[in-house]
Every structure is written in C-alpha cells, then in structure tokens.
Amino acid sequence: MNEEQQLVGYDAYGRPVYAAVPPQHQQPYQPYESYPPHYPAPAYEQPYGYAPSASGTYPQPGAYPQQEPYGHQPYQQPQHAQQSQQAQQWIPQQAPAPEAAEPPAVPEPRRGEPGRAPTPDYRTEQFAFLDQPDEESDDVIDWLKFTESRSERREEARRRGRNRVVALIVVLALFVVGGVGYLWYAGKLPGLEGPGAAGPAGTADGPQQREIIAVHLHHTKTGGTSTALLVDNVTTRHGATVLLPNSLAVPRDDGGSVPLGKSVDEDGLGGTRDGLDTLLGTHIGGTWRLDTPYLENLVELVGGIEVDTDAAVPADDRNKAPAVGQGPKQSLNGAMAVAYATYRAQNEPEAKQLERFGKVLLATLRKVSSDPGAATVTVETLAQILDPSLNEQALGTSLAKLAEHAKVGDYRTDVVTVKPDGTLTDEAGHKVVKEVLGGAVGGAPGTAAPRVGLRDATGDDRTQTSAKAALMNGGYSLVDGGRAAQTRASSQITYQDDAQRDRAVEVAKTLGLPETAVKKAESPVNADVVVTLGKDYKAP
C-alpha cells in the first residue's frame, strides 16, 4: 500500500526527513513494503545521509539509488515547505545516535492542512547554536578592558610614586652629607676642625688676605659725606664694615694732614684713598662713590630692607624725606633707608649717624645676591659712575662675597674712634685697625717707604713741624700721631717687629737722636716706626 509522506525536519547535512502519513483511502496491497499495512513506517533521521534498509541496517553510501520502488515518482516537496526551508537557517551540530529506537513525536497538523503528521520532538543536546554577540556581551568586554586598564594605571602610578620617594630620599641624603661636609670643612661642627676652619677675624695664625673697598656716601640734599670701609677677609671668611668719622686726620703728601671729610671734597677719591692707606697701613682696592639717590635705587632693587632702628626719623617736607618708625625689624624702602642712614639728631655725636649708615649697609648686603653674576647685574642696573680703580664687575663680585658673609652672620661693624685732634685712639689702633683692617707692622702694601708715626710730646708746634720736614726729606711716609697726653723730657723711637729695628735706627739718625732712644714696644700709632718727640729734640 502506497503511503503518503510528510516533511518533518532536516538531517545533519540539511537533507529533508519525511514521516509517513496515515492513508486517507484504501491503497492497493504492496507486497514488498517494509512494514505491515496497519502501521506506518517510522520516520528515522538518516544519520550522516544514510537511510536504513528493510532489515534495519544502514547500507554503505551509494548502495541504493534514492528512488521509490515500483516506478513511483519521488515525493515532491510542497511549495510552502521549500519556501520555509529557504527562509530558515538551521545549523545542526550532530545527528541522533543510531540506537535511538523511539520514533520522534509528530506535531499536530496545521489549520488547513488535514492529515499532517506531527513534528518529531528533538532534544536540545542534538543541536548547538553559534554564540551570537549581543550588547550585553559587548558591555561586559568593555568593562573588563576598562577594569584592566584602570588597574594598570594604578600600578603605574604606584611605581612612579615609589620612584619619586626613592629619588627624594637620595636628594635629601646628598644634601645632608654635603651640608655636614661643608660644616666640617669650615670648622663649624662642635669638636671638629676642618681644613678650612678659621677663628674669629684677626685670630687666624699667619698672614691674612683682605680685600678692602672704600665707600663714600654723598648726601646730595643735606650736604656732607659718610665714609666706610667694606672688608672681605679671605683667610678667615669674615666680612666687616669699618666706619670712619669725618674728623679723622688723613695725611697728605706734603707732610700735613686734613680731616677725612675735607679730604674727600678736596683731594678726591684717589688722594683720600692714598691718605687712608698711609694712615691705616692698608691697601684699599678701589673706591665706591655712592650718592644718596643711588643708595635709594639699590635698596629698591633688592626689594627693600629690614632694620632695627634706634631712633624715629621725622618726616622732612623740605627734603622730601619720609618718616621712619623706631623699633625692631622696621621695613624700609629706598627713601626711608636714605633718611635713616643720613639722620643725625641735634647735638648728637657723629658716631650715631655712622652706626645708622652701617645698619643700612648690612641690611642691604643681606638682600644682595651671593652670585657674582647676579650681583654684577644689580650694580650695572644702578648705572652709576664708578672710580676707574673699581669697575662694575669687580664691585659686583666684592658685594657678592660680602653678602655671603652677611647672610650667615659672619659679619661685624665697627666705628673707629678718634681723639679731638683727629688721631686714632689706642683702642681704635689695636682693636679695629690691627684686627679688622690688618694694618699691622709692615707698611702699606705696595709702598717701598716705611711708615713713620710722629707724636709731639714737646708742646711746641714748631718742633713738630721741623721733625716732619726732616722725615719727609729722608723719604719716609708720615703718619700723624697727634699730641701726647703728657710732655716728655726725652724722645723715644719704638718698633714692634724685629725686622723694623734697623729702620728705627735710621729714623733716629735722621732726626739726630741717639741710638739708645730706639727700643721695642707697643705703639699707639699704626706705623712701622713711631717717634715720640721729647724736649731733648733739637730742630736742625
């Protein structure tokens, strides 16, 4: 009996699989049917494209042609099934195992298709579908990438942080080692003395090298000058300001002397410098003429200064001088600094005004750069006219060295005291001139003639004048020692260094004094040989 077959699915290779449909009418008896006429043949999927034979076995590929027995035409797939086959994309992975004996379930017939066999029930393990990426999977992948990159950035930040900490520790260690090494070399560590150690100014053993600059502050509004010596002790690494009063007697080439203030006005910078070298036994390297407008500009260039003022300076409308307050750590601009440096109250000694000038100089040096190049630029910016012996580069280099001493506290300020006649006091000669300026025995560097100090203990001005003329004719450089406090009956010639004894003897012969008047002793006058004229001296 000829049975009608219905499409129920596709095998692993996309071939159609059919199932028998119960007959709608009586079919003729088919003697060679594989199954009894009362039961429809079960529709088994052909594994890998092979259909079972009537005996239940699978023939080899190509054993039988795919055609219906007894000349029947092969079953034509319905048109709607072909369209469904083209529209659907089945991707089966494997075929059911051969030993499965149960026939698949046949789905209920669709409406309008009577007699359709039910569709077999396929198990999920028979198919495996390709993973189709969706938006959620993309979001997960992006999140994983973001988390991974953020973790890498955090690890990189931690690594850079560790490197910075290590570098900072190394820099700090080098800084500490360098600082300790400098302190040891400079001898500033307690109990340790380095090769560069030196005691206070004037206490180092052996000769000391000093660089000295003379500063003349010209008061352009009120008139007058104020003089200071800036000293850089290269040996002991100390700086100092030595303030000189205008009443200081400065020797001249003619054997006489003149007050310092008058010497600056009449003899000029060069003549005053030579006279100070003769008087103090120093070698002044150059002169810095600093008018008050330039001092004002200098203070402004360094950003103002801070000074402990000892007096309140009233405002002066006539000279356009601002008021300055009294007290510690007063902030002064350029105009205020000039007003304080030049202020001298009525009936006040000149030393008070010099002390104020010294405070302004020290405060200014503390604000000047310790770098020679930067300090030179500051000097060049002032655009002032300098003495030919001191150019801008030399002045800038000297100020930088002094600024370095001032910033660390290795600096002192002294005022030279003089007697009413303008000569140096004993304290000034010993404490300031010898210790700070180094004006000891040996004469002014660069001068061949010995320096001879002359003091008058006769009470007769004519005798002193005659002795000066005799010494100058002998080729000596004179230093005015002024008058002695008391008269002496006999003259005396003293020296401090044994190397000067022969010169002292020659001085005695020049003045017609016996050799017995020469002896070694401390001298109140800063000179190689000091002559104290007594009444026994007879003018030639």
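FYI, the numbering just counts along the sequence from 1.
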Ion pair [X]/[Y], N-O distance below 4.0 Å:
X      : Y      : answer
Lys509 : Glu506 : no
Asp410 : Arg237 : no
Arg366 : Glu306 : no

Can you find a side-chain donor-acceptor pair between [X] and [Y] that sits under 3.5 Å?
X      : Y      : answer
Asn246 : Glu350 : yes
Thr423 : Asp421 : yes
Thr282 : Asp277 : yes
Arg488 : Gln486 : no
Asp310 : Gln326 : no
His219 : Ser226 : yes
Ser370 : Lys407 : yes
Thr220 : Asp291 : no

[X] versus [Y]: any side-chain heavy-atom pair under 4.5 Å?
X      : Y      : value
Asp274 : Asp267 : no
Arg289 : Leu386 : no
Val368 : Thr378 : no
Thr225 : Leu217 : no
Thr413 : Tyr411 : yes
Trp288 : Asp387 : no
Ile213 : Leu229 : no
Leu243 : Asp414 : no

Give a yes or no on whether the backbone of [Y] and the side-chain of [X] come within a donor-acceptor separation of less than 3.5 Å.
X      : Y      : result
Gln353 : Ala341 : yes
Lys520 : Asp498 : no
His405 : Ala403 : no
Gln492 : Ala517 : no
Asn233 : Arg210 : no
Glu296 : Pro293 : no
Asn333 : Gly304 : no
Ser257 : Pro251 : no
Asp497 : Gln500 : no
Thr309 : Gly325 : yes

Could you tell me the separation between the [atom1] atom of [X] and the [atom2] atom of [Y], rounded to the nearest 0.5 Å?
X      : Y      : atom1 : atom2 : result
Thr292 : His218 : OG1   : NE2   : 10.0 Å
Leu390 : Ile284 : CG    : CD1   : 11.5 Å
Ser263 : Leu248 : OG    : CG    : 9.5 Å
Leu361 : Leu295 : CG    : CG    : 7.0 Å
Lys468 : Leu533 : NZ    : CG    : 10.5 Å
Arg158 : Glu155 : CZ    : CD    : 5.5 Å

Audit row: Arg455, Thr532, side chain to side chain donor-acceptor pair (under 3.5 Å) steps and yes/no: CA-CA 5 Å; Arg455 301 186 70 188; Thr532 302; 5.1 Å; no

Which heavy atom of [X] sits nearest a heavy atom of [Y], and at what distance?
X      : Y      : value
Ser491 : Tyr537 : OG-CB, 3.7 Å
Arg356 : Tyr340 : CB-O, 3.5 Å
Val518 : Ala508 : CG2-CB, 3.9 Å
Ala406 : Leu365 : CB-CB, 4.2 Å
Ala339 : Val313 : O-CG1, 4.1 Å
Leu424 : Val418 : CD2-CG1, 4.2 Å

Chi angles and distances behind the side chain to side chain contact (heavy atoms under 4.5 Å, CB included) call for Val530, Ile493: CA-CA 6 Å; Val530 178; Ile493 302 174; over 6 Å; no

Single hit among Thr227, Leu244, Leu276 for side-chain contact (heavy atoms from CB on, under 4.5 Å) with Val250: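 Between Val250 and the candidates, side-chain contact (heavy atoms from CB on, under 4.5 Å) is satisfied uniquely by Leu276.
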
Lys367, NZ: over 12 other non-hydrogen atoms inside 6.0 angstrom: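 Atom NZ in Lys367 is packed in, count exceeds 12.
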
Greater than 12 external heavy atoms within 6.0 Å of Ile385's CD1: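 Counting other residues, nucleotides and ligands, CD1 of Ile385 stays at 12 neighbours or fewer.
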
Side chain to side chain donor-acceptor pair (under 3.5 Å) evaluation trace for Asp536 with Ser490: CA-CA 5 Å; Asp536 61 340; Ser490 59; 5.1 Å; no

